[in-house]
Amino acid sequence: MGVNAVSLLNRLLQNSTTTQRPKPLPANAKSITNTIFRYLKSHRLKEAVSVLFSSPTPVPPFIYARLFQICSSKLAIVEARKVESHLVTFYSTPPIFLLNRAIETYGKCGCLEDARELFEEMPRRDGGSWNAMITAYSQGGYAEKALSLFKCMNKSGVLANEITFASVLGSCAAVLALFLTRQVHGLVIKYGLCSNVILASSIVDVYGKCQVISEARKMFDEIPNPNSVSWNVIVRRYLEMGDGKEAVVMFFKMIGSNVMHLNFTFSNALIACSSISALKEGHQIHGVAVKIGFEADEVVTNSLIDMYVKCGVLEDAQRHFDQPESKNIISWTSLVSGYAMDGRTGQARALFNEMPERTVVSWNAMLAGYVRHLLWEEALDFVLWMRRMTKDIDHVTLSLILNICAGLSDVELGKQVHGFVYRHGFFSNLLVGNALLDMYGKCKHLDSSRIWFSEMCHLRDRVSWNALLTSYVQHELSEEAMRMFWDMQWETTPNKFTFGTLLAACANIFALDQGKQIHGYMIRKGCEIDIVVRGALVDMYSKCRCHEYAVKVFKEEAPRDLILWNSMILGCAHNGRGGEALDLFHSMEEGVRADHVTFQGILLACIGEGYVDLGKQYFNSMSNKYCIIPRLEHYECMIELFGRYGYIDDLENFVQSMPFEPTEQMLIKVFDACREHKHLRLGEWAEKHLNELNPITPYRFEVLSRPSLVTL
DNA sequence: ATAGGGTTAG
């Protein structure tokens, strides 16, 4: 606004002593008023303002008020300044409420400086002026300024009212000012404003956003008649706290009350169902939606389809999607994502190809499916096609592309993506930053990981630390990883992923004491010990030769998956408890299907126990019964098993019928076994093959004299 | 005259 307008205002005020009201309008002024009013009625703001300026006298206050209102709705800052200028020029003492309107208008237009200047220059203010200014800051995204102005307001003795508190609570929510919120809550009680449903809902909102959900709930329970917004807030906050169950419970309580329901509340409740896989409740919500006529609501329909997708009933989602009115870009994307993430990438792709239009989210959904299922080539082709078809690309796309680079161990491609990230300003995006860290780590470029990690020091989070820790541990820098954990704690708090990684580090370096400390720390802090962490614990205790503890963790009452079973079976096998490993295998078979790792454990167990025939049976059952193609390590186990126990005929049959050439390691094993058990024919066979691989330092097979090449 | 929540798909 005009600085000149303000100084003019001051000058006029200094000169004026008596005049408070505008003089009665002369006849032509009256017609000016009428003309302005006509223009305003047809929302022709510009014309109205230029007519205003043809009047050298003030027009009636309601005209200014109406003008400001229209300026607000059209965000017409130039017109707003003109109107204010006219107001302060031709009124000796403009009515305060009109100046408040001006402040509000400037606020709406995002011109906080104009607003503040007017506020500062006002010779007299009322509570409305403070409210207007605080609201302007609050809604303009300047929460701190709003809150500090609120403190000034209190200091200068102006009493806050409902309007003030509403804006202040909004700002408290924006900056999570919990301490101030508690004080405001106290004032609200003191002023007897608790029954104001808007204030009460706002307080629920802030407590929820500040993660003190119990206080939020307490406040909510005190609202005598919660309205639809109150319900929406409490459902949403439970959802955001990760308490999907309570969110759903509150939703059904709302249904039992008499308030009108908002479509967004349905949406939130359905997301809550997805988060806890509560298909039954989701179905019930579907029923309620049909009953109250929300079925045609686009938000509700989309949320329903997504709920079915996320609860894993793709057929139901598809059936719902097939209803003619259900197809839109969002539900379409949901379903593509559902098939893609379920591993039915062909089906997902067919659906994707049919899409009449796509957003970057749709592209990402399809791409994420390829990435999730490690289909790197398909993923890369898809990216190339995507780049040809659309200019759209965002941080999620880039993170997925970096995942592909990591999966292919293609650091050159990764560096190109890094360059793109840099040029297009994505380097300040945390998701992308962490994907870069992960990529460099998986491509074994630990130095680049480290450099990038320090470059992102102002934005990195727990995930970044975990990514770097993981790379360290995978590169057998376990001691460094343990040291880094202490640095990490200056900056962020560890979580289950951190501990999982650290436990792996402990396992690598046989650090039983530190492993136990971590285990104890997790229990004391109530840190979630999920199936992955339990696997890491079993693994750590096994590798540190603390079999008893490994078993203890394994036996805890909690779900077990294949990986956990495998950890325990391998742990037993490595700790000389082959019998136990085989027993475990038989209990495992009751619910979980064995894989190649399981069989490695079993064969190791057979080696330990000397069960040669049993080992042979298990090996044969892999292809015959379990449809698992034996890998190199299984062949190695069999060679060890036959060799160690002197089953040389079996050994000879076995190595000569392998579907590939024996490796050097295998040949050495055969070679040693034959010397040990004095088997000339096979020994010489091994010698011949070894020397083909190794002509410079030839092996000599002599049955009697030489010591073993492999000392155990 | 001025006030609160929610924006569904990766």
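By convention in this document, chain letters (A, B, ...) are assigned in the order of the sequence lines, proteins followed by strands, and residues within each chain are numbered from 1.
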> Tell me which residues in residues 339-361 of chain A lie within less than 4.0 Å of DNA chain B, going by non-hydrogen atoms.
T359(A), V361(A)
> Output yes when K74(A) and E79(A) qualify as a salt bridge under the 4.0 Å nitrogen-oxygen rule, no when they do not.
no
> Measure from CG on L270(A) to P on dT7(B) and round the result to the nearest Å.
13 Å
> Within the 4.0 Å heavy-atom criterion, would you say A132(A) contacts the bases, only the backbone, or no part of the nucleic acid?
nothing
> Would you say that more than 12 heavy atoms from the other residues, nucleotides or ligands in this model lie under 6.0 Å from the CZ of F497(A), or not?
no
> What donor-acceptor contacts under 3.5 angstrom involve side-chain atoms of residues 242-251 of chain A, with partners at least two apart or in another chain?
{"residue": "D243(A)", "atom": "OD1", "partner": "E246(A)", "partner atom": "N", "Å": "3.0"}
{"residue": "E246(A)", "atom": "OE2", "partner": "R217(A)", "partner atom": "NH1", "Å": "3.0"}

> I'd like to know if R237(A) pairs up with E240(A) as an ion pair, taking the criterion as any Lys NZ or Arg NE/NH1/NH2 lying under 4.0 Å from an Asp or Glu carboxylate oxygen.
yes
> Give me the residues of residues 372-381 of chain A where at least one heavy atom lies under 4.0 Å from an atom of DNA chain B, by number, or none.
none
> Verify, without hydrogens or angle tests, whether T181(A) (side chain) and A177(A) (backbone) share a donor-acceptor contact under 3.5 angstrom.
yes
> Given atom CZ of F266(A) and atom C1' of dG6(B), what is their separation to the nearest angstrom?
14 Å
> Applying side-chain hydrogen bond (donor to acceptor under 3.5 Å, both in side chains), which residue pairs with at least one partner in residues 287-300 of chain A are found, sequence neighbours left out?
N263(A)-D297(A)
> In this structure, which one of I330(A), N328(A), I329(A), V336(A) forms a side chain to side chain contact (heavy atoms under 4.5 Å, CB included) with W332(A)?
V336(A)
> From CG of N302(A) over to P of dT7(B), roughly how many Å is that when rounded to an integer?
14 Å
> Between C1' on dG4(B) and CG on N196(A), what's the gap in Å once rounded to a whole number?
9 Å
> Please pick, from dT8(B), dA9(B), dG6(B), the nucleotide with the shortest atom-to-atom distance to any side-chain atom of N263(A).
dG6(B)
> Return the value, rounded to whole Å, for the distance between atom CD of E298(A) and atom C1' of dG6(B).
16 Å
> Counting only heavy atoms and a strict 4.0 angstrom limit, can you tell me which residues of residues 226-244 of chain A come near DNA chain B?
N227(A), V229(A), N232(A), V233(A), R236(A), R237(A)
> Mind checking the OG-CE spacing from S202(A) to M219(A)? Nearest 0.5 Å is all I need.
9.5 Å
> Could you name each residue pair satisfying side-chain hydrogen bond (donor to acceptor under 3.5 Å, both in side chains) that touches residues 347-360 of chain A, not counting sequence neighbours?
R344(A)-Q347(A), R349(A)-N353(A), R349(A)-Y370(A), T359(A)-S362(A)
> Report, one line per pair, each donor and acceptor closer than 3.5 Å where one atom sits in a side chain of residues 223-235 of chain A; sequence neighbours left out.
{"residue": "N227(A)", "atom": "OD1", "partner": "V229(A)", "partner atom": "N", "Å": "3.0"}
{"residue": "N227(A)", "atom": "OD1", "partner": "S230(A)", "partner atom": "N", "Å": "2.9"}
{"residue": "N227(A)", "atom": "OD1", "partner": "S230(A)", "partner atom": "OG", "Å": "2.8"}
{"residue": "S230(A)", "atom": "OG", "partner": "S201(A)", "partner atom": "OG", "Å": "2.9"}
{"residue": "S230(A)", "atom": "OG", "partner": "N227(A)", "partner atom": "N", "Å": "3.0"}
{"residue": "S230(A)", "atom": "OG", "partner": "N227(A)", "partner atom": "O", "Å": "3.4"}
{"residue": "N232(A)", "atom": "OD1", "partner": "T265(A)", "partner atom": "N", "Å": "3.4"}
{"residue": "N232(A)", "atom": "OD1", "partner": "T265(A)", "partner atom": "OG1", "Å": "2.9"}
{"residue": "N232(A)", "atom": "OD1", "partner": "N268(A)", "partner atom": "ND2", "Å": "3.2"}

> Between dG4(B), dA9(B), dT2(B), which nucleotide gets closest to the side-chain atoms of N131(A)?
dT2(B)
> Looking at the side chain of S334(A), which of dA3(B), dG6(B), dA9(B) is the nearest nucleotide?
dA9(B)
> Checking T390(A) now: which residues fulfil side chain to side chain contact (heavy atoms under 4.5 Å, CB included) with it, not counting sequence neighbours?
W363(A), M386(A), D392(A)
> What's the spacing between L199(A) CG and L187(A) CG if we round to 0.5 Å?
11.5 Å
> Q139(A): which residues meet the side chain to side chain contact (heavy atoms under 4.5 Å, CB included) condition with it, sequence neighbours left out?
K108(A), T135(A)
> If you check the V299(A) side chain, which of dG6(B), dG4(B), dT8(B) turns out closest?
dT8(B)
> What is the distance, rounded to the nearest whole Å, between atom CZ of F264(A) and atom P of dT8(B)?
8 Å
> Do the side-chain N and O atoms of S171(A) and S138(A) include a donor-acceptor pair separated by under 3.5 angstrom?
yes
> With a 4.0 Å cut-off, would you call E222(A) and K218(A) a salt bridge?
no
> Check every strand shown and say whether S267(A) touches a base, only sugar-phosphate, or nothing at a heavy-atom separation below 4.0 Å.
sugar-phosphate
> Which residues, if any, of residues 141-168 of chain A bring a heavy atom under 4.0 Å of DNA chain B?
E162(A), I163(A), A166(A)
> Without decimals, in angstroms, what is the distance between H320(A) NE2 and dT8(B) P?
18 Å
> Could you tell me if the ring centre of Y308(A) sits under 6.0 Å from that of F321(A)?
no
> Taking any heavy-atom pair under 4.0 Å as a contact, classify K310(A): base, sugar-phosphate, or nothing.
sugar-phosphate
> Are any of Q139(A)'s side-chain N or O atoms less than 4.0 Å away from OP1 or OP2 of dA3(B)?
yes
> For residues 59-68 of chain A, pull every pair meeting side-chain hydrogen bond (donor to acceptor under 3.5 Å, both in side chains), keeping only residues two or more places apart or in separate chains.
Y64(A)-H86(A), R66(A)-Q69(A)
> Grab the CE-P distance between M260(A) and dG4(B) for me, whole Å please.
17 Å
> With a 4.0 Å heavy-atom cut-off, tell me which residues in residues 387-406 of chain A come close to DNA chain B, sorted by residue number.
D394(A), V396(A)
